[in-house]
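A short worksheet on the structure shown next.
Start at 1 and go down the list; that is how both ligands and their atoms are numbered.
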Amino acid sequence: MPDTVPPISPANPLTIVMYHYVRDLAHSRYPQIKGLSTERFEGQLDHIARNYNVCGLSDLLAAVRVGRPLPPRPCILTFDDGFADHYTTVFPRLMARGFTGAFFPPARAIVEHTLLDVHKIHYILACTQDSAALAREMLELLAPFRRDFPEIATDAQLRAEFAIANRFDNADIIFVKRLLQKGLPDPVRLAIADELLRRLVGIDPSVLARELYMDLPQLRCMAKAGMEIGGHGWDHLWLNNLTPEAQQVEIRQTVGFLRQVLGHDPADWTMCYPCGGYNSTTIALLRQSGCVLGLTTRVSLVTSLDTPYELPRLDTNDLPFLHG
Ligand SMILES: [Zn+2]
């Protein structure tokens with residue numbers, strides 16, 4: 001390392017990479033899950049090993065707090081949602097390379113073996129061949145709810161508002177995702193998601209949850225081995241949609257979960273905002289709860305450490321997957 005490493009700036013950015021599913025997709029039960037294959041993950045680790053210096057959140061905190069320099073071309077690897085993939089596929093590969101990873105499990109899913117809404121939707125989509133037909137089936141299931149929920153917009157209005165393709169998904173898939181995530185009253189979207197899960201996936205959600213997520217002993221094992229475990233909320237909610245009181249409950253439960261994982265009160269911990277949702281109230285409450293860093297889903301390099309509760313990240317798909 002050179003004697004003087006420049007601070008983080010547009011000319012010397014920090015790269016934080018965000019991962020979700022990482023698995024041997026071709027040989028998995030749901031090969032259509034939108035995830036990263038093990039082979040591509042290994043290729044990306046090769047690329048990162050050649051072009052970056054992997055560091056941890058503790059290094060970042062020292063840079064924020066006391067200006068301790070990060071290594072040149074710093075990179076932090078983050079893994080959201082507490083998937084068992086992270087224990088079976090990611091953890092051994094990071095250990096083999098001497099890399100630290102930062103993991104953000106959704107607490108309730110781990111502790112109570114419940115399937116998050118967002119993952120129900122992923123599994124529904126992974127079990128469907130025809131996204132246009134799925135969107136129609138969703139609207140057919142919605143129709144009977146209109147009597148009790150007259151505030152729900154017409155099908156055409158819903159499509160106009162929510163069926164907008166993005167860089168990863170077509171318009172029908174985004175329509176299904178957005179409507180089932182937050183585009184309908186909670187009881188309606190939950191009932192429709194459960195029915196589509198039953199019809200298309202056909203597995204008891206609590207069984208699926210046990211397959212999908214790590215458990216507490218696995219998280220404790222990774223923490224003991226030097227991996228960093230941070231907060232990702234209790235119920236994986238958009239915190240910016242909650243009252244301050246409800247946000248406080250979520251944060252308190254997140255701290256309680258980290259205490260269960262670590263065996264002591266978390267100190268200087270990192271929050272990874274579920275779905276990227278936060279506001280100024282969230283940040284104020286986190287400061288009071290011993291949280292010192294916040295990870296968003298805004299897609300960018302980190303070019304300044306002035307806003308440590310609003311750190312942007314790149315998606316894994318924004319980086320190459322070259323093998324060495
Ligand atoms: Zn998440």
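In this model, no donor atom of one side chain and acceptor atom of the other lie less than 3.5 Å apart for Asn12 and Ser9. A donor-acceptor contact under 3.5 angstrom links the side chains of Asp315 and Asn317, judged on distance only. Of the N and O atoms on the side chains of Thr316 and Gln44, at least one donor lies less than 3.5 Å from an acceptor on the other residue.
When distances to the Zn ion (ligand 1) are checked against a cut-off of 2.8 Å, His232 contributes an N, O or S atom below that limit. Residue side and main chain included, Cys272 places no N/O/S atom under 2.8 Å of the Zn ion (ligand 1). Here Asp80 fails the criterion, with no N, O or S atom under 2.8 Å of the Zn ion (ligand 1).
A distance below 6.0 Å separates the ring centres of Phe41 and Tyr19.
Of all N, O or S atoms in Asp81, the one lying closest to the Zn ion (ligand 1) is OD1.
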